[in-house]
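As structure tokens, the structure follows; a few thoughts come after it.
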Amino acid sequence: MFACRFAPIAAGLAALAVAGCGGGERQDAAEPSGTFEVDVVSATFPAKQHLAQPERFVIAVRNSGQKTVPNVAVTVSSFAERSEQAGLADSQRAVWIIDDSPRGGQTAYTNTWALGRLAPGQTRRFVWRVTAVQSGTHTVKWQVAAGLNGKAKATLSGNRAPAGSVTVDVSDKPGQARVDPKTGKVVREGD
């Protein structure tokens with residue numbers, strides 16, 4: 001009697017477990033295929049930075065085509081670098097700590113943020129607030145996509161990839177700052 005009463009529940013749980021193990025519709029099934037023309041309006045990140053000094057990395061993407069971009073996304077590599085030191089549990093070492101990423105843009109993909117549909121003529125700004133934690137010269141690379149699954153491809157005019165990089169020198173000396181007694185605002189001293 002005990003086993004019979006719980007048999008339907010066990011069967012239902014088994015069905016849920018099988019459905020969650022790779023069955024069902026493909027993840028990219030709803031993403032439209034095609035090429036979507038975009039323009040990178042700006043990509044700014046200070047070329048000279050200091051350890052422990054917050055900075056903003058901003059990429060503005062405009063839909064310069066006639067079709068709505070399904071899900072405008074940016075992948076940023078090089079906020080971290082690979083260490084060759086033996087015995088590390090994780091070989092990635094942060095160069096910048098991400099204090100704040102593009103609002104509403106989190107995805108399940110590593111180093112990729114998406115801000116949704118982008119109608120023709122519209123512009124979206126991806127803004128990261130980061131703090132340098134490793135001195136030296138570093139190159140941050142980025143690439144724009146029209147979707148997360150590879151079926152929707154972003155392109156610049158002339159069929160070029162919407163990608164770029166910026167080289168940054170991070171000083172090993174923390175930036176100097178003071179509080180203006182009249183306004184209460186933080187004032188950074190010159191490099």
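Atoms considered below: every heavy atom in the structure, side chains included; atoms not considered: hydrogens, waters and symmetry mates.
Scored by the side-chain contact (heavy atoms from CB on, under 4.5 Å) test, S33 finds K151 as partners (sequence neighbours excluded). Annotation: salt bridge (charged side-chain N to carboxylate O under 4.0 Å, His left out) contacts of R160 (sequence neighbours excluded): none. Under the side-chain contact (heavy atoms from CB on, under 4.5 Å) criterion, A60 pairs with V41, S42, T123, R125, sequence neighbours left out. Not a single side-chain hydrogen bond (donor to acceptor under 3.5 Å, both in side chains) links N111 to another residue, sequence neighbours left out. Looking at residues two or more places apart in sequence or on another chain, you find a salt bridge (charged side-chain N to carboxylate O under 4.0 Å, His left out) between D39 and R62. Not counting sequence neighbours, the partners of Q106 by the side-chain contact (heavy atoms from CB on, under 4.5 Å) test are S101. Residues passing the salt bridge (charged side-chain N to carboxylate O under 4.0 Å, His left out) test with R93, sequence neighbours excluded: none. Checked against side-chain hydrogen bond (donor to acceptor under 3.5 Å, both in side chains), E81 has the following partners two or more places apart in sequence or in another chain: H138. Among residues two or more places apart in sequence or in another chain, the side-chain hydrogen bond (donor to acceptor under 3.5 Å, both in side chains) test is passed with E55 by Q53, R188. Under the side-chain hydrogen bond (donor to acceptor under 3.5 Å, both in side chains) criterion, N159 pairs with T155, not counting sequence neighbours.
Side chain of D169 to main chain of K48: no donor-acceptor pair is present (N/O by atom type, distance under 3.5 Å, no hydrogens or angles). The backbone N or O of A152 sits less than 3.5 Å from a side-chain atom of E31, completing a donor-acceptor pair. Here the side chain of R124 pairs a donor or acceptor atom with the backbone of L115 at under 3.5 angstrom.
Within the 4.5 Å cutoff, side-chain heavy atoms of V61 are placed close to those of F126. V127 is not listed as a side-chain neighbour of P102, based on a closest heavy-atom distance of 4.5 Å or more. Residues S171 and H50 meet the side-chain proximity criterion, which asks for heavy atoms closer than 4.5 Å.
Cluster annotation: I98 is connected to V168 through the hydrophobic network of ILVMFWY side chains, with a link wherever side-chain heavy atoms come within less than 4.5 Å. Under a hydrophobic clustering in which Ile, Leu, Val, Met, Phe, Trp and Tyr are joined whenever their side-chain heavy atoms come within less than 4.5 Å, directly or via other members, V72 and V40 fall into the same cluster. I59 and V166 fall within a single hydrophobic cluster, where Ile, Leu, Val, Met, Phe, Trp and Tyr side chains are chained together by heavy-atom contacts under 4.5 Å. If you chain together hydrophobic residues whose side chains sit under 4.5 Å apart, V170 and F79 fall into the same group.
Residue pairs satisfying the side-chain hydrogen bond (donor to acceptor under 3.5 Å, both in side chains) criterion with at least one member in residues 67-80, sequence neighbours excluded, are listed as follows: T75-T112.
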Can you list, pair by pair, the side-chain donor-acceptor contacts under 3.5 Å of residues 140-148, counting residues two or more places apart and other chains?
none

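Under the 30°/60° scheme for interplanar angles, the aromatic rings of F45 and F57 are found to be tilted.
W128 and W113 have their aromatic ring centers within a separation under 6.0 angstrom.
In this structure, D99 does not pair ionically with R129, as no charged nitrogen and carboxylate oxygen lie closer than 4.0 Å.
Residues Q134 and W96 have side chains that never bring a donor and an acceptor to within less than 3.5 angstrom of each other.
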